[in-house]
Protein chains: 2
Amino acid sequence: MAQNRTVSKATEDFGGLRMTKQRQAVYDVLSDLGPQHPTAAEVFVTAKERMPSISLATVYNCLETLTGAGAIKQVNIDREASRYCPNLQPHAHFYCTGCNQVFDIGLERGADAESVWSLPAGCRVEEMHVAMRGICGRCPNCSTAAKS
Amino acid sequence: MAQNRTVSKATEDFGGLRMTKQRQAVYDVLSDLGPQHPTAAEVFVTAKERMPSISLATVYNCLETLTGAGAIKQVNIDREASRYCPNLQPHAHFYCTGCNQVFDIGLERGADAESVWSLPAGCRVEEMHVAMRGICGRCPNCSTAAKS
DNA sequence: AACCTTTTTTAGAATAGTTCTTGATCTAAA
DNA sequence: TTTAGATCAAGAACTATTCTAAAAAAGGTT
């Protein structure tokens with residue numbers, strides 16, 4: 001029944017976090033969805049298919065715990081529902097208004113996102129969020145838009 | 001009674017926007033507050049002092065209209081209440097966890113915030129939001145933190 | 001295993017920020 | 001001045017999220 005997994009699915013411990021069934025399920029949904037960035041509600045739907053007893057509150061709990069442990073990242077774009085992603089590399093988020101999807105955008109080789117900003121002396125950055133909005137040029141909606 | 005204002009207070013028309021008393025009041029509150037970035041509720045408090053009849057819904061309306069017209073910018077940091085700022089130059093926002101304030105951070109001379117990101121071909125950025133979180137090193141709370 | 005303690009989960013209520021609705025008021029144009 | 005459309009005010013409604021309290025699960029210890 002249990003499928004053989006070649007990719008290690010974060011059985012690794014994240015800061016001594018207790019990996020409960022629910023947390024594992026939530027994490028798995030997130031990493032199975034790959035480059036997509038689901039909202040808590042979307043995670044809940046998929047998680048519930050696999051574990052019918054799970055509740056929305058638990059999904060929120062798990063997402064918060066996993067975020068706190070550094071296993072996943074919370075992505076906020078405008079005031080829309082938070083999205084979550086398992087990509088821990090430094091990256092920006094691109095929200096395509098054509099296909100309504102959020103993509104990860106990596107840093108250029110050797111580039112440093114912080115250095116373009118003129119930070120006052122003594123100012124220490126602990127976290128940085130970069131979100132872009134536009135058209136991705138890939139999705140059906142975008143190709144029409146791009147043609148114009 | 002009316003103070004002489006040397007600085008022009010956006011009597012300029014923003015994309016043919018009708019500058020009603022309420023919109024002007026909301027805009028004035030925002031620009032009077034200078035580098036601070038008030039929430040809608042905070043704008044409402046100050047606006048109501050000057051125009052007791054104004055309602056919260058109207059403040060939201062005005063902020064939305066002004067944002068749409070490009071007169072002000074909406075600033076979202078995490079899922080906290082939206083803040084608004086009249087600074088139209090390209091800039092990032094720094095949220096100080098010590099003093100709970102949001103500061104504007106300008107671009108380094110000649111720098112381009114977009115170029116550090118490896119955007120796929122065909123991808124067009126229409127808007128970019130950069131938010132940082134950390135300690136500013138200026139406020140009372142920060143100086144203590146910085147000493148450690 | 002049985003017991004105890006702590007953590008986690010669940011379901012539903014509560015909350016906060018924001019948007020929507022409706023009727024009243026204002027504005028600009030004819 | 002009339003008319004049509006835009007804007008405003010007040011409060012209800014909505015949505016994403018957090019809180020609460022009780023039940024369940026997980027460890028650790030005998």
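Throughout, a chain's letter reflects where its sequence line sits, starting with A, and its residues are numbered from 1.
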Atom-to-atom span, OH of Y60(A) to P of dA11(C) - whole angstrom: 16 Å
Polar side chain donor-acceptor pair, D104(B) to H37(B), under 3.5 angstrom: yes
Is there a side-chain contact (heavy atoms from CB on, under 4.5 Å) between R50(A) and D32(A) once you walk through the steps? CA-CA 12 Å; R50(A) 305 180 182 180; D32(A) 287 357; 3.0 Å; yes
Which pair of non-hydrogen atoms, one from H93(A) and one from C85(A), has the smallest distance, and what is that distance? NE2-SG, 3.9 Å
Would you say T97(B)'s side chain and G134(B)'s backbone share a donor-acceptor pair under 3.5 angstrom? yes
Atom pairs and distances, side-chain donor-acceptor, residues 54-71 of chain A, under 3.5 Å, sequence neighbours left out:
from   : atom 1 : to     : atom 2 : distance (Å)
S55(A) : OG     : T58(A) : N      : 3.2
S55(A) : OG     : T58(A) : OG1    : 3.0
T65(A) : OG1    : N61(A) : O      : 2.7
T67(A) : OG1    : L63(A) : O      : 2.6

Once you round it to whole Å, what is the distance between C1' of dT8(C) and CG of L66(A)? 13 Å
For residues 107-120 of chain B, which residue pairs qualify under side chain to side chain donor-acceptor pair (under 3.5 Å), counting only residues two or more places apart or in two chains? none
Does dT17(D) have OP1 or OP2 sitting under 4.0 Å from an N or O in the side chain of R79(B)? yes
Close N/O contacts between protein and nucleotides 7-9 of chain D (under 3.5 Å):
from   : atom 1 : to     : atom 2 : distance (Å)
dT7(D) : OP1    : R23(B) : NH1    : 3.0
dT7(D) : OP1    : R23(B) : NH2    : 3.2
dT7(D) : O5'    : R23(B) : NH2    : 3.4
dC8(D) : OP1    : T20(B) : OG1    : 2.7
dC8(D) : OP1    : Q22(B) : OE1    : 3.1
dC8(D) : O3'    : Q22(B) : NE2    : 3.3
dA9(D) : OP1    : S53(B) : O      : 3.0
dA9(D) : OP1    : S53(B) : OG     : 3.4
dA9(D) : OP2    : S55(B) : N      : 3.4
dA9(D) : OP2    : T58(B) : OG1    : 2.5

Provide a list of protein-nucleic acid N or O atom pairs under 3.5 angstrom, restricted to nucleotides 22-24 of chain D.
none

Grab the CG-P distance between N76(A) and dG17(C) for me, whole Å please. 15 Å
Atom-pair distance (CD on E64(A); C1' on dT17(D)), nearest Å: 10 Å
For S82(B), report the nucleic acid contact type (base, sugar-phosphate, nothing); a contact means any heavy atom under 4.0 Å. sugar-phosphate
Sequence neighbours excluded, which residues qualify as salt bridge (Lys or Arg N to Asp or Glu O under 4.0 Å) partners of D78(A)? R133(A)
By side-chain hydrogen bond (donor to acceptor under 3.5 Å, both in side chains) - contacts of H129(B) (at least two apart): E127(B)
Euclidean distance, atom CG of residue L56(A) to atom C1' of dT9(C) [Å, nearest integer]: 13 Å
From CZ of F44(B) over to C1' of dA10(D), roughly how many Å is that when rounded to an integer? 10 Å
Just so I know, are the side chains of C136(B) and F94(B) near enough to count as touching, which here means a heavy-atom distance under 4.5 Å? yes
Round to a whole Å and report the spacing from NZ of K48(A) to C1' of dT9(C). 12 Å
Please report the distance, rounded to the nearest Å, between CE in M19(A) and P in dA26(D). 15 Å
